[in-house]
Amino acid sequence: MSLEASFALGLGALALDVDLRCPAGAVTAVLGPNGAGKTTLLRAIAGSVAVDAGHIALDGRTLDAPPGTFVPPEQRRLGIVHQDHLLLPHLSALDNVAFGPRSRGAGAAEARALAAAMLERMGLTALSGAKPRALSGGQAQRIALARALVTEPDALLLDEPLASLDPGTRVEVRRDLRRLLAAVAGPTLLVTHDPVDVLALADHVAVLEGGRITQSGAIASVTAQPRTRYVAELLGTNLIRGDAAGTTITTDAGAQLIAAAHHDGAVFATIAPAAIALHRREPEGSPRNRWRTSVAHIDVLGDRVRVQLGDPLPMVAEVTAPAIAALELREGDAVWVSIKATEVATYPA
Amino acid sequence: MSLEASFALGLGALALDVDLRCPAGAVTAVLGPNGAGKTTLLRAIAGSVAVDAGHIALDGRTLDAPPGTFVPPEQRRLGIVHQDHLLLPHLSALDNVAFGPRSRGAGAAEARALAAAMLERMGLTALSGAKPRALSGGQAQRIALARALVTEPDALLLDEPLASLDPGTRVEVRRDLRRLLAAVAGPTLLVTHDPVDVLALADHVAVLEGGRITQSGAIASVTAQPRTRYVAELLGTNLIRGDAAGTTITTDAGAQLIAAAHHDGAVFATIAPAAIALHRREPEGSPRNRWRTSVAHIDVLGDRVRVQLGDPLPMVAEVTAPAIAALELREGDAVWVSIKATEVATYPA
Amino acid sequence: GSAADEPEVRGTSGGERDVTLTVAAATSLAGALEEIGEGFRATRPGVEVTFTFDSSSAVARQIREGAPVDVFASADEISMTNLVDDGLIAGDPAIFARNELVIVTRPGNPTDIDSLADLSDAGVIALCGQDAPCGRYAAVALDGAGVVLDESKVTRGQNVRATLAAVVHGDAVAGIVYVTDALGAEDAVAAVAIPPDLNVVATYSIALAEDAGDARTAEAFVAYVRGDEAQAVLAAHGFLPPT
Amino acid sequence: MSRSGRRPPIPVVVVAALTVLFFSLPLVGILQRADWSTVWSDLTTDQAVDAIRLSMICSVSAAALSVVFGTPLAWVLARTAVPGRPLIRGLVLLPMVLPPVIGGVALLAAFSLRSPIGSWLHDAFGIQLTFSTAGAVVAATFVAMPFYVLTVEGALRGVDQRYEEVAASLGADRLTVFRRVTLPLIAPSVAAGAVLAWARALGEFGATITFAGNVEGRTRTLPLAVYLELESDEQAAIALSLVLLVVSLVVLVSLRDRWLVRR
Amino acid sequence: MSRSGRRPPIPVVVVAALTVLFFSLPLVGILQRADWSTVWSDLTTDQAVDAIRLSMICSVSAAALSVVFGTPLAWVLARTAVPGRPLIRGLVLLPMVLPPVIGGVALLAAFSLRSPIGSWLHDAFGIQLTFSTAGAVVAATFVAMPFYVLTVEGALRGVDQRYEEVAASLGADRLTVFRRVTLPLIAPSVAAGAVLAWARALGEFGATITFAGNVEGRTRTLPLAVYLELESDEQAAIALSLVLLVVSLVVLVSLRDRWLVRR
Ligand SMILES: Nc1ncnc2c1ncn2[C@@H]1O[C@H](COP(=O)(O)OP(=O)(O)OP(=O)(O)O)[C@@H](O)[C@H]1O
Ligand SMILES: Nc1ncnc2c1ncn2[C@@H]1O[C@H](COP(=O)(O)OP(=O)(O)OP(=O)(O)O)[C@@H](O)[C@H]1O
Ligand SMILES: [Mg+2]
Ligand SMILES: [Mg+2]
């Protein structure tokens, strides 16, 4: 019962071209910058837009495969939760949840009983009679979850379900979500901007950038070996692309970096910001990478300080506030950088 | 040149009643859950709504003081940046920036020259001719900043200026914002949900909950001594309110906690999640606080795990993933908790 | 030119130079009066005659509301009489034309209507409004013939032409209109004459408004309408002479 | 409500007030003209009662037909990529701007007994529109439905389609989505459109008298009765107009603010 | 555009198509009635040219007056807490639903030379509305402006006021905000409202003939000329109607989709 989405689709300025497989019983997170096409991907799977080429299949059942097949949205048996809850404003919470069973043929009483049971299970019985406008953001999003789950969908599509919640509420709803997702048998697709969601909820991750999937796989593998600047920035690490010859990596700009491991050909290298040491004068000692550069920006985040370094190898170093004070660093200052070769993680590009 | 807002205002279900002082040259962050009235506070200062009682004054100049005084918005000399950039869709980026100078009496050519200079200063000259819909989120927000700053406002009001940006863009715009805010002479009010914004950009912080300011002060003092659950959650720490007698604190629910410092009367106590140790059996040794409870939730965030504990003292403990694996903890399990008295920070409520 | 730049000289200052005469008339007179107006203009250079046409009662209402009318030509005695009673007419109205009623049917008279009596069970009959002149006259004629029409088989046009149109375009099987209208419709209808003993003669009267601007020119126009040239035009449009 | 802070600008208010005055004065004028001592007797004659009854039947039917036929049309205009949409919309809005008498002539051309469709309707079903209440309803619908279509098409375009997408994902077929999601969302506009159409039908004169005729008890609605009365008894005409006026005003006043805005 | 995935439901399309047919047939009927050999000569008589010219003057003036006076009124209705707003709106919308002849009678009551205002206008400014083009413009404005006000009030309510708040914070006074922010934002609706008002004014008959009379070259607009020609030359009447029809249709067709939606 896995979801297979391998299709192309043009919509306005967006050219979406993806090949995605989401295993059953697992959560696949879709990450990507604004306008990457994440919502459009979900809409294509839901049948709100038709694909131009390729196919979408759920559990072997083809949902969309032009020119011949197009299963209408109401027959796809999916559950959708959107950032803006989208509870029907004219129905009570209970009737919103009962909407699915009712639409799938249950009688009014039966649908309401199913909905009531679902709300009970989620501890939301007290909200049954409330109209959506009377619900807080967190409550509304929980009802929306209940509405999507009560029909026991074959697949679950979540589009930034936590994005509009304030941080406190977000933690709570995320916890509910985690518990509920564990019980879902089919595949779940979770669109999010927040790495915390990925870590807390997802098993796999796919990164969508400019309509294409630039990286996907198990979370650990993606976080360990980011392949695009977007992913690296999300993880707060530095990503460098270059050509390796043994332990020496030469970037396109001509800068060189020594790694501990041997590689040949195109490679990525990541360096944790905290692994980068800064000095006023040329440092002595063991680190095999050292060069002189300038400070482009200094971002103070409480007791930690992120220092954006300039050419030849732009990267971010993270040091403590006292350290920066001791160095008397200011934007524009010259600075020496040192990095141990063992801190330069390399893998093939 | 400070901003003084001490007023009451009813709008729909909201009863806003604040007393806020924002010093010149500093950034005051306003934090608070959805619907707390943050946007309404800014709108009142901007003159978009009139206050019901009290007064608003900027640099000694009274802006609103019913029943007598109401300075219309266009004479308040404020700069506003909103989460949804709100660039005028029918004007180019340059004309959007020129709108302020033009409205304040500059000739068309002069206004455009001022706008061009501002864009130049912010490195946005390339975007001059673009219409807002052709701009990315980050670009649009930068133009909106330029538009607010070019009039050299007496005070700057920023309403979640980074909220709609994806994480990568957010970092960049936050950096620009930080640089620009440093040059602003008047007071700046920054509404945000994101503690990172507060740490990176603000000098002072005011917490708005349910229309009232529940805590305010220098960032360090607020983060050190949170006074509401909302702030504590935002900081990721545990907040307990109780009555102290010497080193013993008794909560309303009757639970007891031993702190290192002596206090008498109502106190708050904070305990960092990482300072809470979990055990399968009753622990031995020095920690003076120990009790048996149950595991309510377990939230896995990558290699860290947050464990929500049950009664009698609900709080969150943070342990590493291997530690939780070794304990074989599951939701609902019984668990022993130990906390050193020195980890219980207390201060008067 | 529009009203704004049209020089209007009012009052009784004598000369006929650039005088504008406003004639308000029943719509059924439109064709004939426009032609007569041409002729009048030809005899009086410098005089501009303008017409406004509506049903007699509507025109009368406008006069009552103070519309600047110099001459009123009515198809309806009542409208004229009312204005006289209200003191809005100068002098006595003069009858300048007459008209008779006629039955009109579809071309070829498919329903074989030969008399007023045939109207009672023919289908829907088009008449004018009970209180419009042609409606009143038709009622008199029908009364005279002892014909009672079921009101639910009568459609009443807002004016004579609408009554005629109900036969020409609509589904009325027959109607009672003026001879002049039947004539104007040419072969779109067939006319069935009403015997003179049953027919009603409508009279058209003309008069000066009490506050006519240029009374002399207005009088001249009224005289012209009653004169031979104008009478010939009216006759050509199917009107009967005043006596 | 909070203290508004500032007054609306004087020149704007003055112009607006003048405009309202412009619309009020004729109304006041007609009220002054009314002879209140006879209004009641004028309104309770058999003919007046008949006309009021007919007007209610025709206008309510026209509004109902507008909803039944106009809703699918509005949906097609708003939601499908139907070719020639602007032309279709122009065609449908035309009766709104055409002199009604010309509309009536056009209706005769299409549906009189002498037209192919009119004769077919008559021969096949015994339906005759001219001189029948059905015809008056058709004429009223012809001039009134454009108001409904315009209002509801706009509302449909304003609906957040994501609600409909979510409902479909929950298993609702399109009819269910329309019935249980779209319609409730645009309910205010449906009501507003129906009210506008109803009010327009209530005041309809030219197309009705031209197409359906002016037959007492069948097609003589209030405006037709008013017109006839204008020939003789202006007081009776004004009394009947007052009915129209008051009823329309009451309904228009009840058009709540929110009905004018798509949410 | 992407492949749409599914067709619109057949029953809906059928009903919509029937409705379109209902609106097309009368149009086709009137086109059939036209005698195309004489249309051109009928349209180029002095009277026809006069009527067309007058109709353009009156309808464009009415649309312009609607914009000038209707915009402030719409703003007041949409933006201020004016007391009795529903009543004011009902009053202003009334001419949309009133039989135009009654509208004309009401205008006479208010502005004829016998009325206080009419006589004042005449004595003080020499302005006389009856039998003058100015009167025809007043009558057309009376029936047309409600369309404009309705459209623009709705658009104003739909404007995101935060744009205006930001503009004010930048130092723009309210006039500047309105001119440089609000007006550009509602421009499509202003255009749509003006077009609707213009089209309604173009087809205006009853109020004009009753209030302003039927004077050639001054108040005899196209619909009035059509009425007169119907008395004599039916082909000419149809030719004139065709002008009205075609012009209205062209304008309505050019009403772009987005003009119907508030953004
Ligand atoms: N209906 C449409 N018509 C035209 N263009 C569209 C449409 N839907 C989407 N697009 C285009 O696709 C792009 C991607 O849209 P989408 O909503 O899928 O992005 P996203 O990844 O969900 O972004 P976000 O993180 O902001 O939610 C949009 O920027 C737009 O250019
Ligand atoms: N114009 C209004 N009319 C009625 N009620 C209003 C209005 N504006 C605000 N409110 C009420 O005030 C509450 C707070 O609104 P506000 O936008 O100030 O909250 P906020 O703190 O900015 O929330 P968020 O974090 O979601 O932006 C709303 O929930 C609403 O109940
Ligand atoms: Mg999205
Ligand atoms: Mg807000």
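Quantities reported herein were computed from a predicted structural model and do not represent experimental measurements. Order of the sequence lines sets the chain letters (A, B, ...), proteins ahead of strands, with each chain counted from 1.
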Region of E:I88 that comes under 4.5 Å of a non-hydrogen atom in chain D:
side chain
Just to verify, which of E:V149, E:V92, E:L94 counts as forming a side-chain contact (heavy atoms from CB on, under 4.5 Å) with D:F23?
E:V92
Looking only at heavy atoms and a cut-off of under 4.5 Å, which of E:V14, E:V15, E:L98 has the most pairs with chain D?
E:V15
Inter-residue atom distance E:L93.CG - D:L249.CG, 0.5 Å rounding:
9.5 Å
Assess whether side chain to side chain contact (heavy atoms under 4.5 Å, CB included) is satisfied between E:M145 and D:T19, documenting all intermediate values.
CA-CA 10 Å; E:M145 202 196 296; D:T19 310; 3.6 Å; yes
Are any of the side-chain heavy atoms of E:L244 and D:P99 separated by less than 4.5 Å?
yes
Filtered by a 4.5 Å non-hydrogen cutoff, the part of residues 199-210 of chain E contacting chain D is E:A199, E:R200, E:G203
Nearest-0.5 Å distance that lies between atom CG in E:L25 and atom OG in D:S115:
8.5 Å
Answer whether the closest heavy-atom distance between the side chains of D:L252 and E:M96 falls below 4.5 Å.
no
Could you have a look at E:A110, E:A81, E:A17 and say which one has the most heavy-atom pairs with chain D under 4.5 angstrom?
E:A110
On a heavy-atom basis, which atom in E:G90 and which in D:V253 lie closest, and how many Å separate them?
CA-CG2, 4.2 Å
Out of curiosity, D:L196 CG to E:L150 CG, how far, rounded to the nearest 0.5 Å?
6.0 Å
Given a strict heavy-atom distance threshold of 4.5 Å, which part of D:L175 is in contact with chain E: side chain, backbone, both, or neither?
neither
Anything under 3.5 Å between a donor and an acceptor, one on a side chain of residues 69-78 of chain E, the other on a protein residue two or more places apart or in another chain? List them.
residue : atom : partner : partner atom : Å
E:T71   : OG1  : E:V67   : O            : 2.4
E:T71   : OG1  : E:Y148  : OH           : 2.7

Can you tell me how far CD1 of E:I102 sits from CG of D:L245, rounded to the nearest 0.5 angstrom?
8.5 Å
Non-hydrogen atoms of chain D under 4.5 Å away: do they reach the side chain of E:L31, the backbone, both or neither?
neither
Region of E:F22 in contact with chain D, defined by heavy-atom distances below 4.5 Å
both
Side chain, backbone, both or neither of D:S248 within contact of chain E (heavy atoms, under 4.5 Å):
both
Contacting region of E:P95 [heavy-atom separation from chain D under 4.5 Å]:
side chain
Comparing E:G29, E:A144, E:A237, E:A106 against chain D, the one with the most heavy-atom pairs below 4.5 Å turns out to be E:A106
Between D:F111 and E:P26, is there a side-chain heavy-atom distance shorter than 4.5 Å?
yes
Measuring heavy-atom distances to chain E, does D:Y227 have an atom under 4.5 Å in its side chain, in its backbone, in both, or in neither?
side chain
Against chain E, label D:I117 side chain, backbone, both or neither, depending on which of its atoms sit under 4.5 Å from a heavy atom there.
side chain
Chain D heavy atoms under 4.5 Å from E:V138: which part of the residue, side chain, backbone, both or neither?
both
Residues at least two apart in sequence or cross-chain that pass side-chain contact (heavy atoms from CB on, under 4.5 Å) with D:S24, listed by chain then number, are D:V20, E:L91
For E:R33, salt bridge (charged side-chain N to carboxylate O under 4.0 Å, His left out) partners two or more places apart:
none
Highest number of heavy-atom pairs under 4.5 Å with chain D: which of E:S241, E:P100, E:P9, E:G103?
E:P9
